[in-house]
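Report on the structure given below.
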Amino acid sequence: MSQKVRVRFAPSPTGPLHIGGVRTALFNYLFAKKYNGDFILRIEDTDQNRYVNGAEQYIIDALEWCGIPYDEGPGKDGGFGPYRQSERKAIYKQYADELIARGKAYYAFDTSDQLDFHRKDHETKGKTFIYNWHNRLKLTNSLSLSKVQTQSKLDAGEDYVIRFLTPQDKKLHLKDSIRGDIEIDTNVLDDKVLYKSDGMPTYHLANVVDDHLMQISHVIRGEEWLPSLPLHQLLYTAFEWQAPKFAHLPLIMKPVGKGKLSKRDGEKMGFPIFPISWNKSQGYREAGYFPEAVINFLVMLGWNPGTEQEIFELEDLVQQFSLERVNKSGARFDPEKTKWYNHQYLQKKSDTELAQLFSTALIDQGIPKNARNTSYLEKVVSLIKERATFGSDFWELGDYFFTAPSYYDEKAVRKQWKQDTPQIIHNLIQLLETIEDFSASNVETHVKRWIGDQELSFGKVMPPLRLVIVGAMKGPHIFDILDLLGKDESISRIRKALSAI
């Protein structure tokens, strides 16, 4: 690409960042990194009524946690700041005035009451009121008023907005990198407000001006902005600027039913909808997901690598990502698949990393420090991690490595504890006491030989042995458990069970 790739993620600080927003940021990030470009964060806070304290910092923290930090933005000036639209206020008025001077925009003085009257009047006639070519000359604006009347209203300080003068009877030919060629009849477009009476630009003007001044080469944004594309293209033409290339990403759809994924879906079905927690809403971080897993499942919502590969490191994604392989249709969110991804990434972690993760949970459980030494924890997680999806699963999967059972599963007792079981287990203790090398392989050899010598079935010995050691019919290879617990602890547990059951 001859022009340097510069893309931007431009959220509004009106609340937490939805994972749909994270995916938009991710696709921008991947595209920028693939072409050695810049990924810019711009805060679009022109709507001061909806501004939420803490939302901007939340967006920054969320991108950092996901591992897709921005190159330029608040606190990282790359020479194109400020990066908050509220701090660029003076810039927009100048460009709104330029459009009026070029005859591409006009002042509109219609009050809210007047516009409401026209809307209701149209509704009674079964029509929809659109402020554009077919009625603009009948309304109160600088097109229907003389220059003297217009200036008089401006001098008197009357409230006004600046509207774009949409050309009539034109066919717009637009190009989208994902959706291909789009044709629009300008007669169906309304004269959008570009500048409001409160002295702030609307999204449309601020967005186009900022993208131009920040030298944005590609605008990669959500499908919900597709209806704005004609106006944005017309604004570039009106200013005689080169437009960036556009790409509109598909929606992330609900797990069941129709419509796009919402916070309510997460609350109803019990899965996070935000990357990190916001107020009382749990985030993926707090739910125990790894950021790499979140990135991996998000990229697969709407992008197809063209192969069967499902697991991608971020570096792989940078190399393989392309807008051409982004789907046009919405991607259905699958909460179970997100867990599958986390399971895959957990298995890829080293036992040392997982031991550190488990150690935190053990502190919460009140397990003393001497029972949490790294070497022991590494051995434990190596045995139980295969069944774990989250670090929080480790305690349930391996509590018996740290505390002897105080309860024995009733169903298992009824099934495994026969009349002759106590005597068999008593005899087994005598065998275990004679074994010096208590390694898994050596104990297994001795016990299996003993079972054969006693002409017992494995079913008479092995399930009851698991029950007395673990307290339930769960866990990895029983001899690996005995090895880790050690001879004294193992025999102690068996004796305790004989008197308890």
Heavy-atom pair of closest approach, residues [X] and [Y]:
| X | Y | result |
| --- | --- | --- |
| T14 | A55 | N-CB, 4.2 Å |
| I295 | C66 | CG1-O, 3.3 Å |
| A206 | Y92 | CA-CE2, 3.6 Å |

Contact list for residues 140-160, test ring pair (Phe, Tyr, Trp, His ring centres under 6.0 Å), sequence neighbours left out: Y107-Y160

Using side-chain heavy atoms (C-beta onward) and a distance below 4.5 Å, is [X] in contact with [Y]?
| X | Y | value |
| --- | --- | --- |
| D121 | F129 | no |
| L234 | P167 | yes |
| V5 | H218 | yes |
| T338 | N342 | no |
| Y131 | R136 | yes |
| F164 | L205 | no |
| I178 | E223 | no |
| L174 | P230 | yes |

Criterion salt bridge (charged side-chain N to carboxylate O under 4.0 Å, His left out) against D38, the qualifying member of K4, K33, R8: K4

Between [X] (side chain only) and [Y] (backbone N and O only), is there a donor and an acceptor less than 3.5 Å apart?
| X | Y | result |
| --- | --- | --- |
| T150 | S146 | yes |
| R6 | I40 | no |
| R179 | H248 | yes |
| T202 | V193 | yes |
| N135 | N132 | yes |
| E87 | R84 | no |
| H122 | H118 | yes |
| K76 | Y70 | yes |
| D191 | W133 | no |
| D198 | M200 | yes |

Just verifying a value: how many Å separate [X] [atom1] and [Y] [atom2], rounded to the nearest 0.5 Å?
| X | Y | atom1 | atom2 | result |
| --- | --- | --- | --- | --- |
| L229 | I182 | CG | CD1 | 6.0 Å |
| L189 | I130 | CG | CD1 | 9.0 Å |
| L99 | L165 | CG | CG | 10.0 Å |
| Q233 | S228 | CD | OG | 13.0 Å |
| N207 | L194 | CG | CG | 11.5 Å |
| Q344 | N296 | CD | CG | 9.5 Å |

Report yes if the distance between the aromatic ring centroids of [X] and [Y] is under 6.0 Å, otherwise no.
| X | Y | result |
| --- | --- | --- |
| F239 | Y95 | yes |
| F358 | F402 | yes |
| F31 | Y35 | yes |

Residue pair S262, D265: steps toward the side-chain hydrogen bond (donor to acceptor under 3.5 Å, both in side chains) verdict: CA-CA 5 Å; S262 71; D265 295 315; 3.1 Å; yes

[atom1]/[X]: more than 12 non-hydrogen atoms of other groups inside 6.0 Å:
| X | atom1 | value |
| --- | --- | --- |
| R50 | CZ | no |
| R88 | CZ | yes |
| Q94 | CD | yes |
| K254 | NZ | yes |
| K260 | NZ | no |

Side chain to side chain donor-acceptor pair (under 3.5 Å) contacts touching residues 301-311 (sequence neighbours left out): E310-K337

When you measure from the centre of the six-membered ring of [Y], is the NZ or CZ of [X] under 6.0 Å away and within 45° of the axis?
| X | Y | answer |
| --- | --- | --- |
| R23 | F27 | yes |
| K348 | Y345 | yes |
| K34 | F321 | no |

Partner residues of R102 under the salt bridge (charged side-chain N to carboxylate O under 4.0 Å, His left out) criterion, sequence neighbours left out: E98, E240

Pairing residues for E123 by the salt bridge (charged side-chain N to carboxylate O under 4.0 Å, His left out) criterion, not counting sequence neighbours: none

Stepwise salt bridge (Lys or Arg N to Asp or Glu O under 4.0 Å) check, K474 with D399: CA-CA 11 Å; K474 67 176 186 179; D399 57 344; 3.5 Å; yes

Step-by-step side-chain contact (heavy atoms from CB on, under 4.5 Å) determination, F80 to L213: CA-CA 7 Å; F80 293 87; L213 295 179; over 6 Å; no

Does [X] pair with [Y] as a salt bridge, N-O distance under 4.0 Å?
| X | Y | answer |
| --- | --- | --- |
| D190 | K192 | yes |
| D97 | K93 | yes |
| K339 | E336 | yes |

ring-ring contact (aromatic ring centres under 6.0 Å, His included), paired with Y289, selected from Y341, W65, W340, Y284: Y284

Pairing residues for Y51 by the side-chain contact (heavy atoms from CB on, under 4.5 Å) criterion, not counting sequence neighbours: P13, D45, N53

Partner residues of A355 under the side-chain contact (heavy atoms from CB on, under 4.5 Å) criterion, sequence neighbours left out: L377, E378

Verdict with reasoning, E224 to L251, per side-chain contact (heavy atoms from CB on, under 4.5 Å): CA-CA 8 Å; E224 62 270 26; L251 294 173; 4.0 Å; yes

Pair Y203-E44, side-chain hydrogen bond (donor to acceptor under 3.5 Å, both in side chains): steps then yes or no: CA-CA 8 Å; Y203 165 82; E44 303 209 332; 4.7 Å; no

Stepwise side-chain contact (heavy atoms from CB on, under 4.5 Å) test for L226 and F246: CA-CA 9 Å; L226 195 55; F246 289 95; over 6 Å; no

